[in-house]
Trainee: 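Please see the structure below; I have some questions.
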There are 2 protein chains.
Amino acid sequence: MIEPVEQITDKSLRRHFGYSLKRAYARVHTAITEELNQLGLKVISYSALSMIVENPGLKQSQLAEALMIERSNLVVIIDDLENKNLIYRAQLPSDRRAYALIPTDEGKALAVRAGDAVADAEAAVFGHFDPALIEQLRPAFDRIWSR
Amino acid sequence: MIEPVEQITDKSLRRHFGYSLKRAYARVHTAITEELNQLGLKVISYSALSMIVENPGLKQSQLAEALMIERSNLVVIIDDLENKNLIYRAQLPSDRRAYALIPTDEGKALAVRAGDAVADAEAAVFGHFDPALIEQLRPAFDRIWSR
DNA sequence: GATAATAGTTATACCGCATAACTATTTAAG
DNA sequence: CTTAAATAGTTATGCGGTATAACTATTATC
């Protein structure tokens with residue numbers, strides 16, 4: 001005889017730390033996305049803009065590699081930033097195949113505002129974390145990535 | 001005069017802890033996906049199978065809510081698990097609209113193997129973490145999620 | 001000078017996820 | 001009791017993120 005199940009448990013999944021990580025990241029990602037959305041940016045376009053402001057003149061292929069996305073997918077992101085007058089494609093005299101990506105003053109200003117908005121969003125999510133713990137975690141997580 | 005940029009930095013992005021989190025999660029997700037792929041499972045279908053083994057007889061709508069996915073997207077996942085003879089849809093006498101999801105012996109066995117495979121993959125990624133730190137982080141991350 | 005490699009672009013496809021609409025069945029209201 | 005509303009499962013569809021292939025223009029290599 002098959003009976004309905006009232007109380008659902010997820011003990012077998014909670015065993016995995018990756019699930020805690022996934023869900024925590026989902027919260028951060030949502031918070032950041034909403035903040036950036038108010039500034040007309042997506043997470044990936046904010047990342048691109050920040051990198052261009054920090055590394056003015058870099059090429060699309062360099063940016064794609066740094067952001068670990070495909071060159072082809074970067075095109076529309078750059079198009080969008082350029083249409084919004086946040087950056088522009090400048091001709092590289094040394095290589096006529098490539099573009100040098102340059103931020104406009106407007107782009108530089110927005111990068112600062114967006115960076116602070118992202119930091120605020122993260123602070124709201126991790127507010128109850130000990131700052132010392134965050135600084136302990138950062139290199140530990142970065143090591144996971146860079147190996 | 002526009003010059004090529006040799007060395008690309010990402011200081012402005014490294015400021016955000018969310019990036020460290022994202023990249024670390026990407027690594028663990030990849031590791032888990034590869035392990036589960038060898039067992040013919042995706043992350044989401046492993047999650048579904050584990051929940052069904054732990055809560056035999058639950059309905060699809062209950063499972064969808066527990067996994068926080070749409071009912072409509074769960075259908076194909078259940079179809080797949082059923083086609084692989086890992087679970088089956090049983091009629092619920094108390095509600096002819098709903099199915100009771102029941103694991104097969106094969107499904108139960110695979111859930112155990114897959115769970116261990118996931119745990120191994122996570123251990124490989126977080127191997128250099130102090131176990132005490134993990135157990136400190138788990139409830140902290142879960143609190144981020146459940147608020 | 002021919003060949004290979006690189007930069008940017010376009011088109012395309014797949015996947016994860018969300019919404020809407022539908023059928024069948026159950027529950028709630030009048 | 002009958003009708004309306006809610007629920008369970010399903011199908012179709014669209015959107016966003018991501019990956020691959022093919023193409024043109026240009027540069028580097030042999």
Side-chain angles (χ1 to χ4, degrees), chain A residues 2 4-6 8 19 22-23 25-27 29-30 32-34 36-37 40-48 52 57-83 87-102, chain B residues 2 4-6 8 22-23 25-26 29-30 32-34 36-37 40-48 52 57-83 87-102:
Chain A
I2 297 174
V5 180
E6 307 84 21
I8 311 293
Y19 275 86
K22 175 178 190 161
R23 292 174 171 181
Y25 171 66
R27 281 282 191 265
H29 183 259
T30 299
I32 291 174
T33 299
E34 287 172 354
L36 289 177
N37 185 48
L41 293 174
K42 295 194 259 190
V43 174
I44 189 64
S45 57
Y46 161 69
S47 305
I52 295 169
L58 88 170
K59 299 186 292 181
Q60 287 183 208
S61 52
Q62 290 175 311
L63 180 54
E65 188 188 359
L67 295 178
M68 287 163 300
I69 65 177
E70 294 299 317
R71 294 196 317 278
S72 56
N73 294 325
L74 181 59
V75 174
V76 290
I77 297 164
I78 298 301
D79 285 348
D80 180 56
L81 293 176
E82 195 170 35
N83 288 334
I87 67 160
Y88 61 95
R89 291 168 162 103
Q91 277 296 340
L92 256 184
S94 56
D95 188 343
R96 287 185 300 168
R97 295 170 300 183
Y99 290 123
L101 301 174
I102 313 283
Chain B
I2 296 176
V5 181
E6 306 85 20
I8 312 294
K22 175 177 191 161
R23 291 175 171 181
Y25 171 65
H29 182 260
T30 299
I32 290 174
T33 298
E34 286 172 355
L36 289 177
N37 185 47
L41 293 173
K42 296 194 259 192
V43 173
I44 189 62
S45 56
Y46 161 70
S47 304
I52 294 168
L58 89 170
K59 298 185 293 181
Q60 286 183 209
S61 52
Q62 291 176 311
L63 180 55
E65 189 189 359
L67 295 178
M68 286 163 301
I69 64 175
E70 294 300 314
R71 293 196 317 278
S72 57
N73 294 323
L74 182 59
V75 174
V76 291
I77 298 165
I78 298 300
D79 285 348
D80 180 56
L81 293 176
E82 195 171 35
N83 287 334
I87 66 159
Y88 61 95
R89 291 169 162 104
Q91 277 296 338
L92 256 185
S94 57
D95 188 344
R96 287 185 301 169
R97 294 171 301 185
Y99 290 122
L101 302 175
I102 313 283

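By convention in this document, chain letters (A, B, ...) are assigned in the order of the sequence lines, proteins followed by strands, and residues within each chain are numbered from 1.
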Trainee: Are the side chain of A:T30 and the backbone N or O of A:A26 linked by a donor-acceptor pair below 3.5 Å?
Mentor: yes

Trainee: State whether the distance check finds a donor on one side and an acceptor on the other, under 3.5 Å, for side chain A:S72 versus base D:dT18.
Mentor: no

Trainee: Which is true for A:Q60 with a 4.0 Å heavy-atom rule: it touches a base, it touches only sugar-phosphate, or it touches nothing?
Mentor: sugar-phosphate

Trainee: Tell me the interatomic distance from A:E65, atom CD, to D:dT18, atom C1', rounded to whole angstroms.
Mentor: 18 Å

Trainee: Taking NE2 from B:H29 and P from D:dT18, how many angstroms apart are they, rounded to a whole number?
Mentor: 12 Å

Trainee: Ignoring hydrogens and angles, answer whether the base of C:dA7 and the side-chain atoms of A:D95 contain a donor-acceptor pair closer than 3.5 Å.
Mentor: no

Trainee: Separation of B:L74 atom CG from C:dC17 atom P, in whole Å?
Mentor: 12 Å

Trainee: Does B:K42 have a side-chain nitrogen or oxygen under 4.0 Å from the phosphate oxygens OP1 or OP2 of C:dG16?
Mentor: yes

Trainee: Can you measure A:K59 atom NZ to C:dT9 atom C1' for me and round it to whole angstrom units?
Mentor: 16 Å

Trainee: Within the 4.0 Å heavy-atom criterion, would you say B:R71 contacts the bases, only the backbone, or no part of the nucleic acid?
Mentor: base

Trainee: Roughly how many Å is it from CD in B:E82 to P in D:dG9, rounded to a whole number?
Mentor: 12 Å

Trainee: Any idea which heavy atoms bring A:N73 and A:I77 closest together, and the distance?
Mentor: O-CD1, 3.5 Å

Trainee: Would you say B:E82's side chain and B:R89's backbone share a donor-acceptor pair under 3.5 angstrom?
Mentor: yes

Trainee: For A:I77 and C:dG8, what is the distance between atoms CD1 and P respectively, to the nearest whole Å?
Mentor: 14 Å

Trainee: Would you mind reading off the distance between B:E70 atom CD and C:dA18 atom P, rounded to a whole angstrom?
Mentor: 6 Å

Trainee: Has A:N83 got a side-chain atom pairing as donor or acceptor with A:D79's backbone, closer than 3.5 angstrom?
Mentor: yes

Trainee: Under 4.0 Å from OP1 or OP2 of D:dG9: is there any side-chain N or O of B:S61 that close?
Mentor: yes

Trainee: CD1 of B:I32 to CG of B:N37: how many Å apart, nearest 0.5 Å?
Mentor: 13.5 Å

Trainee: When only distance counts, do a donor and an acceptor, one from the side chain of A:R97 and one from the base of C:dT6, lie under 3.5 Å apart?
Mentor: yes

Trainee: Is any side-chain N or O of B:R96 closer than 4.0 Å to OP1 or OP2 of C:dA24?
Mentor: no

Trainee: To the nearest angstrom, how far is A:N73 atom CG from D:dC15 atom P?
Mentor: 18 Å

